[in-house]
Amino acid sequence: MFYDVIIIGSGVAGLNTARNIDKNLNVALITKTKLGNGSSILAQGGIAAVSPDNEQDTFKTHIQDTLKVGAGLCHKDVVAFCVKHGPETIKDLIKIGVDFSLREINDNYDLTKEGGHSHRRIYHSGDITGESIVQNLIADVRKRSNIKIFENHVAINLITDDKKVVSGVYVLDNNKKTIKTLIGGAVILATGGAGKAYLYTSNPDEATGDGIAMAYRAGAQIANMEFYQFHPTCLYHPEAKNFLISEAVRGEGGTLRLKDGERFMSKYDDRMELAPRDVVARAIDREMKRTGDDCVYLDITGLDKKFI
């Protein structure tokens with residue numbers, strides 16, 4: 001089967017790519033389970049973008065915040081591109097139906113603040129931002145007759161010629177237990193990371209690094225593999241499956257404490273609980289190793305019950 005474009009992966013990256021491709025091109029969208037599964041749908045907190053609702057915020061400030069958190073390792077041109085295109089991306093998502101939360105007092109968006117940000121610039125849809133975005137992207141993709149969706153199809157390997165030019169992909173149809181050969185004018189990998197390679201992760205079962213491995217075998221250069229993000233806060237319970245606790249809890253005043261009630265983030269960063277995720281995650285890990293405790297505590301008892 002030939003397609004003008006083959007997209008492997010159906011998170012926000014894959015879905016948004018599919019809906020922005022020329023409608024005159026035939027597109028194959030491959031997902032290893034079903035549309036709506038994966039990591040994107042699990043995102044709770046929101047998306048950072050400079051907003052006209054916050055006159056104090058600017059592109060320059062957002063870029064500076066990002067570069068500071070990146071500890072000198074960011075590609076400045078990429079940071080600037082993402083920041084400057086943030087507002088139009090928010091408008092596009094609103095246009096397809098994403099319902100970002102509004103403040104009760106007026107019609108302005110309820111912008112929150114999260115780790116590493118100096119201003120309120122986080123657009124969110126309740127605490128299910130990822131689900132809201134993914135479901136609206138899926139609805140938009142399903143409207144497009146030029147996109148054929150392959151659910152329960154696992155990409156196995158990219159097809160290359162002697163010059164390492166990619167011309168397609170072999171996929172396993174998990175329903176029929178057969179291998180299919182898809183040939184494409186272009187192949188786009190939007191397969192996410194490999195967080196599930198670790199014993200403790202908030203990532204879903206699908207995050208096994210298939211795309212990275214396929215790209216490597218096809219001859220692509222692989223960079224920045226040391227950067228695997230671990231979300232600092234998940235529910236800890238010895239008899240229950242853990243789940244992610246939104247960064248918005250810390251953004252709105254939640255504090256990290258040891259079992260005796262002591263706050264500890266001041267030992268690691270002046271920004272306390274609003275330090276970047278990697279700093280907070282390492283601090284929690286270090287305190288648990290130092291004390292021998294199984295967990296630390298995220299305390300929101302100081303916040304008003306109605307607000308929570």
Side-chain angles (χ1 to χ4, degrees), residues 40-58 61-62 65-66 69 86-87 89-91 93-94 97-136 202 229-237 240-281 283-284 287 295-308:
S40 294
I41 200 167
L42 300 178
Q44 297 176 351
I47 303 176
V50 174
S51 168
D53 291 348
N54 186 348
E55 296 178 356
Q56 297 177 327
D57 200 7
T58 64
T61 306
H62 193 177
D65 287 347
T66 308
V69 170
T89 301
I90 295 294
K91 289 180 181 178
L93 292 173
I94 293 171
V98 177
D99 187 20
F100 290 112
S101 298
L102 300 172
R103 292 193 179 279
E104 292 183 6
I105 301 173
N106 51 42
D107 289 333
N108 289 346
Y109 286 102
D110 181 35
L111 304 175
T112 62
K113 188 177 180 182
E114 293 187 354
H117 294 281
S118 60
H119 292 280
R120 289 183 173 271
R121 60 170 72 105
I122 311 300
Y123 288 82
H124 67 100
S125 180
D127 61 356
I128 54 167
T129 309
E131 181 177 352
S132 177
I133 292 171
V134 168
Q135 293 302 332
N136 281 283
S202 57
Q229 182 185 107
F230 290 85
H231 198 284
T233 51
C234 291
L235 174 75
Y236 170 76
H237 193 291
K241 182 177 174 63
N242 70 2
F243 59 83
L244 187 149
I245 297 176
S246 172
E247 190 165 345
V249 174
R250 284 178 286 121
E252 295 297 337
T255 58
L256 288 165
R257 299 179 183 272
L258 301 176
K259 66 180 181 182
D260 63 2
E262 177 192 351
R263 290 182 69 179
F264 58 85
M265 277 306 301
S266 60
K267 294 189 289 183
Y268 299 97
D269 197 285
D270 292 339
R271 292 165 289 187
M272 304 284 280
E273 283 81 7
L274 287 179
R277 289 181 181 181
D278 61 312
V279 176
V280 178
I284 292 171
E287 288 298 312
C295 66
V296 299
Y297 295 84
L298 183 55
D299 179 16
I300 56 171
T301 55
L303 301 180
D304 180 73
K305 184 182 295 186
K306 182 181 179 182
F307 172 79
I308 294 172

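Only a predicted model underlies this, so the values are computations on that prediction, with no experimental measurement involved. Heads up: numbering here begins at 1 and tracks the sequence.
- Ion pairing of Arg271 with Asp269 is present here, as a side-chain N (NZ or NE/NH1/NH2) and a carboxylate O approach within less than 4.0 Å.
- By the 6.0 Å contact criterion, NZ on Lys267 is enclosed, its count of non-hydrogen atoms from other residues, nucleotides or ligands being greater than 12.
- When side chains are defined from C-beta on, Glu252 does not count as touching Ile300, because their heavy atoms never get closer than 4.5 Å.
- Annotation for Asp270: atom CG does not count as buried by contact number, only 12 or fewer foreign heavy atoms lying within 6.0 Å.
- Between Arg257 and Glu287, none of the side-chain N atoms (NZ, or NE/NH1/NH2) sits under 4.0 Å from a carboxylate O, so this pair counts as no salt bridge.
- In this structure, Glu262 has no salt bridge (Lys or Arg N to Asp or Glu O under 4.0 Å) partners at least two apart in sequence or on a different chain.
- The only option from His119, Arg121, His117 that meets the side chain to side chain donor-acceptor pair (under 3.5 Å) definition with Asp65 turns out to be Arg121.
- Between Thr233 and Leu244, the closest side-chain pair of non-hydrogen atoms is not below 4.5 Å.
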Between Leu111 and Asp57, is a side chain to side chain contact (heavy atoms under 4.5 Å, CB included) present by the stated rule, with each step listed?
-> CA-CA 12 Å; Leu111 304 175; Asp57 200 7; over 6 Å; no

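- Of all the heavy atoms in Pro87 and Ala49, the pair that sits closest is N-CB, 4.1 Å.
- Glu247 contributes no side-chain N or O that, together with a main-chain N or O of Glu114, makes up a donor-acceptor pair within less than 3.5 Å.
- The only member of Asn108, Asp53, Asp110 that meets side chain to side chain donor-acceptor pair (under 3.5 Å) when paired with Arg103 is Asp110.
- A pairwise comparison of heavy atoms in Val98 and Ser132 identifies CG1-OG, 3.7 Å as the closest pair.
- Nearest approach of Ser40 to Val134, heavy atoms of both residues: CB-CG2, 3.7 Å.
- Under a 3.5 Å cut-off, the side chain of Ser125 and the backbone N or O of Asp99 do form a donor-acceptor pair.
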